[in-house]
Structure formats: structure tokens, C-alpha cells
**Student:** 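This is the structure I want to talk about, given as C-alpha cells.
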Protein chains: 2
Amino acid sequence: MTKKAPARTPRITIREVASDAGVSVAAVSKVLRNAYGVSDALRTKVQASMEKLNYRPLASARGLRGRTYTLGLIFPDLRNPFFADIFAGVNSALERTQYQAMQGVSVSASSLVEAMIDRQMDGLVLIGPNETNERLNDIADRIPLVAIGHHDIEAVRFDTVNNDDQLGGRLAVRHLCQNGHKKVAMLSLAVPVSTVINQRELGYRLEMTEQGLGSSINIVRAPQVLRDVQLTVRRLLESRDRPDAIFCWTDLMAFEAISVATELGLSIPQDIAIIGYDNTVFCEFAQNRLTSIDQSGEVLGLQATRLLIERIDGRTHSEHFVVTPRVVARASSAKVS
Amino acid sequence: MTKKAPARTPRITIREVASDAGVSVAAVSKVLRNAYGVSDALRTKVQASMEKLNYRPLASARGLRGRTYTLGLIFPDLRNPFFADIFAGVNSALERTQYQAMQGVSVSASSLVEAMIDRQMDGLVLIGPNETNERLNDIADRIPLVAIGHHDIEAVRFDTVNNDDQLGGRLAVRHLCQNGHKKVAMLSLAVPVSTVINQRELGYRLEMTEQGLGSSINIVRAPQVLRDVQLTVRRLLESRDRPDAIFCWTDLMAFEAISVATELGLSIPQDIAIIGYDNTVFCEFAQNRLTSIDQSGEVLGLQATRLLIERIDGRTHSEHFVVTPRVVARASSAKVS
DNA sequence: TGTTCTACGTGTAGCGTTCTACATTTTTGC
DNA sequence: GCAAAAATGTAGAACGCTACACGTAGAACA
């Protein structure tokens, strides 16, 4: 069925390093893992040989006995530039470690998680997982796990890293109110993709109530498809009691809202104020000038990675790291006289 | 130094499947690889056992002898939503195969390539690699390789998949000219990140000349940093002989150009027309309405994957797949009276 | 009828690491 | 100066799978 691959230069193995350095294979392995019981002399000698032969340990072989020094990241989507921030954080946490991150992308993590376990990842970071607690526990039972963007303080088998989405929701509403926008609607998702969205909605509700705007609470839920979001926004903006402002659950959605508003000839923020979430790079652009809640993606990525490595190293109690979000104000939510 | 990880449920191995099915380990392996010499009866029996025990082969172990059924994708960046299109193509090519893709992100592929070879990827797809032909040949010598966005028809050790960037450059200029824009500048990169950019510049030059606009040729090169791009664009737009139109080497750059133009109070396309490349989803938004060259990312990803698997299966002669780009016209480049 | 094929299964030697158990040398404490 | 302890190094058995080399049995052929 399949032909033989063409012959390729064979790899340098640990054995060759050992014989070059004049020591045992076990000794080289020890240096590699910087395990206990290696003299400086030996280490130096071995490292020289490794350098000279340009030796690189084969992850598959390591995996068969110990770890592969590979972490798996699972993103729900590649379109959202916010994930690039998280990734930057992961990378900076990985500097000067032996670990390497491999990414996968999948809305429903399930099958990808299996694939990553099959490939002997030492641990997994799930980003915005659309999974039940139960399912996450099952996964955590089989591989060290950290979730970014999953609220479950009770989780004991895995760690979580979040920004305080409830506070984020509150901040968005509070900011809009301070700028004189009263009728604040929230643009959310029809199918809640994670616990994150619930928290943001909750924050929105609570703050609206506290601001005495309980009667204006209006959560509009759109399917995640581009066309449908725009349809939903259009319906909202054309309705008789058009809101003053829209709190969008994501910058990406906010950009779509801006698009629809622009199409309808509405001006932002005079006719409609808009605020997003994530503080993506695109917010800054003059065609958007989008006010957004910053959740420090880089910090999220960094902390998650740190926690994951701790867990791989044997920590068993769970930790839950929370970042405080902050408003980054731009023109899209400015005060209107 | 590091503690022992908590005990985890041990994995089902091929041996257990074999004993459950009452056959040899070798037989199970054959079924797994659907190798030659397996009767239907045997196959059925083994598959039932695999199902029943929920067996999944361990990639590391397979890798040590044969293949891991894992492909590595290397992206230069995660911020550009265009790559999501390529990824979608890859995934659709992978459906109904045993293969799984793992992604890595790195501007200079070098160290990531090593990491992926260490992790026994069966093959690599490099996207917009910032590498010399020589270096790519070296890589191809060690692992099956396909490059997306690297022009080198002469390459014999690896395959390439491209859109015709030279034609793309021509189309952009031609389109702008047809809409009455004469002084077309090109916004390019200071440090050419790949052969792609050269081709687009070449296309731009050739078409400008053919349109009799050779004297207006103006390639402005900006560093890739956000701030610097905006600075460069600002300088261009404020210059005494401001161009009529800018051909941006990427949608992402075009959005920045739109931003600067907007900031300067210029209107698009009356004061300045803009055209991008990639036809990203964001082009459609009303705040951008960006005309762009579509290079069918999905097709690129699909073809690259197809070629890679062929190569893994033993093909040794190289193939070079080319997609024809097309203009997707929007308001940013419309005719001005 | 004997001989040659072909199809189907199996046994088993690695693949390149890690890691336990042990042997040997050096250091320490008294 | 001697025993005990600590430090350093080594041998070799796994890890889970693939693939080579064979063995066997029935079919096809002459």
C-alpha cells in the first residue's frame, strides 16, 4: 500500500554520545535530565560531546519511559487574535525550560484531547473549553490539566486560570453608565460556549440592577455564525426601543456590531455606544476605536503554563488563578452630550 | 528535583487487545496499520476487541519503529486570521485519515523545526517560511516537507503550494488602474519575510510599467512592528505627492493603512484607495470594506496536506501547486468620479 | 500425486530512552 | 585510621509498538 520513504540521514543517539564521551549511556541520560549524582567533570564532558555531535534526544523514545517535554495547547479557534496573546504568555513561560508547546485547534476539545494524550503530551492547557466539569475531571484524571477560561473554583483535579469575568461584565456596564449610556444591551451567544459567558452575563445583570437599570436588562443571543450575528445586531439596532449601548461578549462580535451600525448609518457612540471584551490589537485602529475590557491574555498564558509545569512536577492540590480585568476606554463608548 | 506524578489509569496496550481477541500482537499491529495479510475474520475480531477495550495506539511507541501519524504545521504568526483559512483546508484534507495535525508558531522556523523532528512528526508544512532554499533543502533532507508561500519552482527535495503572487500583484495594480487610480504605491516590508513578497513586488512593478505608470512606481517598506507601519503610512500619506492608492502586501497592513488614513481625516477611496491581500474575513466589515486579493487559503492548506501525505508515502519527485488569485472588489478601491 | 504458490498468522528483535538496583569511589565523623 | 555515609557511575530491563523472517495450510497447477 505505501512505499518505503527515501533513506534519510540517521539520527545521533544517546549511545553515540556516550561512547564519544567515554561514559555510560545512563550517565548521558542523567546529564540530560539533570538528575542527581553527576559530577561537574562528567557533566562538562558529556555536554561537550552532545554539542559536538549535535545530539538531540528523541521525544518518542523519552516518552516511552518518562516525559516528552511537550505541552499541548488547545484553542477553540484560530480567528480570534486574542489567542495570540495567550500564546505569547505561554511562550515566555517556556523560555529557558526544556518544554515545547504544540497547538491544536478544535471547538470541541474531546477528540483532540485524545489525540494529544496518544501523542504523550506531558500536560494540557485547554483554552475556553466547551466542556462539562465532569468531562474535564475525566481528562485531568489521565493527564495534568490546566484550563484557561473555565470557571470552577471547586475543581480539584485540575487548575484554572481566569480573568474575573463577572467583574469584567460589571466594569463594562459601569463604564457605559458613567459615560451616560443607560439602555445597555448585551450581545451574547446562543449556545453558551463556556462558563465564561455565564459569568459575564451575570456581571452584566448584577451591575445593571445596581445601577438601577434592572428594567433595561436585555441580553440578545446570537448564533456564532458571522451572518447570524450581523442579522441579530441589525434586528437589535432597528428595533423601536434601540439600546444606547451594546456590551459585546467579544471584540470580534463588537467589530461585527460596528459594521452593522456603520451600514445602518448610525454613528458611534452618538447613536449607539459599543464595548467589547479582550482588548484585541484591532481595537486600536481608528476605524474601530473600540473600548474593550482587557483581560491580559499574556498573563493568563504565562500563569497557566507555570501551573501546568508545577502539576507535571507532582503538585496535586489545585490552584485557581484570577486576573483582574480593566477597562480600556476608547471613542466607541465616549460620553455624548 | 521533581516529585513523582500521581498514579494514573494505565493505558490499554496492544498486548491486551491481542489477548482479548485471542490473536498475536503482530496480528493486531497488522490490523492497525491495515497491512497486507489479514483475513476479514481476523480483522473483525480484532476491531471488536479494540472497540471494546477502547484501545488507542500510543504514538510515541509507533514512532520509535514506524510513523506517528502526526503532521506538523508551522505558522509564522497567530495574529493573522488568514492562517485560519489554511488551517481549515488542512483539516478537511485530514478527515478520514489517521493523521492528526499539530501546530507550532514561530517567525523563524528553525528551532521549531528541530523540535518537531525531535517529536517524530511524519512530515512538515511550513507556512510562509522565512528561510533560504538551502535551509529548506536541509530540512527536506531530514523530513518530508511541503512549503506554502515559498516560491522556488526549482526545489526538488520538497513540494511547494502557492498562489501566483506575481499575478496577484498585477491584478491589484490592474484593478486600481481600471478604477481610475494612477499613482499606486506599494506598502511592503522592510525585511522581506519570504519569497512571496518579492513576487508581489515584481508583479506590482511589471504591471505598473505595462500600464504606463513606470514613473510612479513607489515601494515603501515598513518594519513589521505595528507602530512603525503606522508611522510609515503616515509619512506616505502626508507627503507632498501623496499617492492615489496603496497596494498593501497584506490585509493586516491594509487595516493599519485604513486606520492612519481615517486618523488623518482622509476618505477612502476618494482621497486614497486601498487594496489588501488575503481577503480576510475582516475585509467584509463595513468599517473596512477592503478590496483584497483572494488566494484561497483553504485550497492552499488542502493541497499542501495532500502533497505531504503523498510524500510521506514515498513520492520522491517534487510537485508545485499554484492557485490563481482573484480580486474581490469592495468600496476601498471604488472608482471615484 | 506431488510441487509450487499464495494467503494468513506468529515470534521476536529491536527502536532510543529512562530508571532501578547495584557497584565502586570518595568524603565524613569520631 | 577506620567504619559509615554520601557521592558518583554503570548494567540492563523495560516502555509499546513495528516489521522482518518464518511457519503453516490450503489452492492451483502440471
Side-chain angles (χ1 to χ4, degrees), chain A residues 1-5 7-8 10-46 49-50 53 55-70 98 117-120 122 312, chain B residues 1-5 7-8 10-46 49-50 53 55-70 98 117-120 122 312:
Chain A
M1 158 155 243
T2 58
K3 277 185 291 174
K4 201 73 194 163
R8 302 186 178 277
R11 234 187 137 84
I12 302 291
T13 74
I14 200 173
R15 232 177 298 274
E16 300 170 61
V17 175
S19 92
D20 181 88
V23 299
S24 73
V25 167
V28 178
S29 175
K30 275 192 178 182
V31 171
L32 220 52
R33 295 171 286 134
N34 57 78
Y36 174 83
V38 178
S39 67
D40 283 356
L42 182 86
R43 187 192 321 285
T44 314
K45 204 163 48 174
V46 169
S49 288
M50 295 199 307
L53 301 177
Y55 167 72
R56 302 188 54 111
L58 189 66
S60 304
R62 306 183 91 171
L64 224 43
R65 297 293 288 153
R67 39 180 94 168
T68 57
Y69 295 94
T70 313
Q98 283 199 66
I117 293 177
D118 295 344
R119 281 156 186 83
Q120 299 270 98
D122 291 336
I312 292 171
Chain B
M1 161 155 244
T2 57
K3 277 185 291 173
K4 201 73 194 163
R8 302 187 177 278
R11 234 186 137 84
I12 302 291
T13 73
I14 198 173
R15 232 176 297 273
E16 300 170 61
V17 175
S19 93
D20 181 87
V23 299
S24 73
V25 167
V28 178
S29 175
K30 275 192 180 182
V31 171
L32 221 52
R33 296 171 285 135
N34 57 81
Y36 175 82
V38 179
S39 68
D40 283 355
L42 181 81
R43 188 192 322 283
T44 312
K45 204 164 48 174
V46 169
S49 288
M50 297 199 305
L53 301 176
Y55 166 73
R56 302 190 53 114
L58 190 66
S60 307
R62 306 183 91 172
L64 225 43
R65 299 294 282 150
R67 42 181 92 168
T68 57
Y69 296 95
T70 312
Q98 283 200 66
I117 292 178
D118 296 344
R119 280 159 186 81
Q120 300 270 98
D122 291 336
I312 292 171

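Order of the sequence lines fixes the chain letters, A, B, ..., with proteins taken first and strands second; residue numbering starts at 1 for each chain. All of these numbers come straight from a predicted model, not from anything done at the bench.
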**Student:** Establish, with yes or no, whether the OP1 or OP2 oxygen of dA7(D) is under 4.0 angstrom from a side-chain nitrogen or oxygen of Y36(A).
**Tutor:** yes

**Student:** Nearest whole angstrom, please: distance from the C1' of dT18(D) to the OH of Y69(B).
**Tutor:** 10 Å

**Student:** Under 3.5 Å, which donor-acceptor pairs do the side chains of residues 18-26 of chain A form with other protein atoms, sequence neighbours left out?
**Tutor:**
| from | atom 1 | to | atom 2 | distance (Å) |
| --- | --- | --- | --- | --- |
| S19(A) | OG | E16(A) | O | 3.4 |
| D20(A) | OD1 | K52(A) | NZ | 2.7 |
| D20(A) | OD2 | S49(A) | OG | 2.6 |
| D20(A) | OD2 | K52(A) | NZ | 3.4 |
| S24(A) | OG | A26(A) | N | 3.4 |
| S24(A) | OG | A27(A) | N | 3.1 |

**Student:** Test of understanding: with side-chain contact (heavy atoms from CB on, under 4.5 Å), list the residues that count as partners of S39(A), not counting sequence neighbours.
**Tutor:** A41(A), L42(A)

**Student:** Which nucleotides of nucleotides 10-17 of chain C have their base under 4.0 Å from a protein heavy atom (B), which only their sugar-phosphate (S), and which neither (-), written as one string 5' to 3'?
**Tutor:** BB--BBBB

**Student:** Give me each pair satisfying salt bridge (Lys or Arg N to Asp or Glu O under 4.0 Å) with a member in residues 57-66 of chain A, each pair once, sequence neighbours excluded.
**Tutor:** none

**Student:** What is the distance, rounded to the nearest whole Å, between atom CD of Q120(B) and atom P of dC15(D)?
**Tutor:** 20 Å

**Student:** With sequence neighbours left out, what residues match D118(B) under salt bridge (Lys or Arg N to Asp or Glu O under 4.0 Å)?
**Tutor:** R11(A), R56(A)

**Student:** How would you list, by chain and number, every residue that makes a ring-ring contact (aromatic ring centres under 6.0 Å, His included) with Y69(B), sequence neighbours excluded?
**Tutor:** Y99(B)

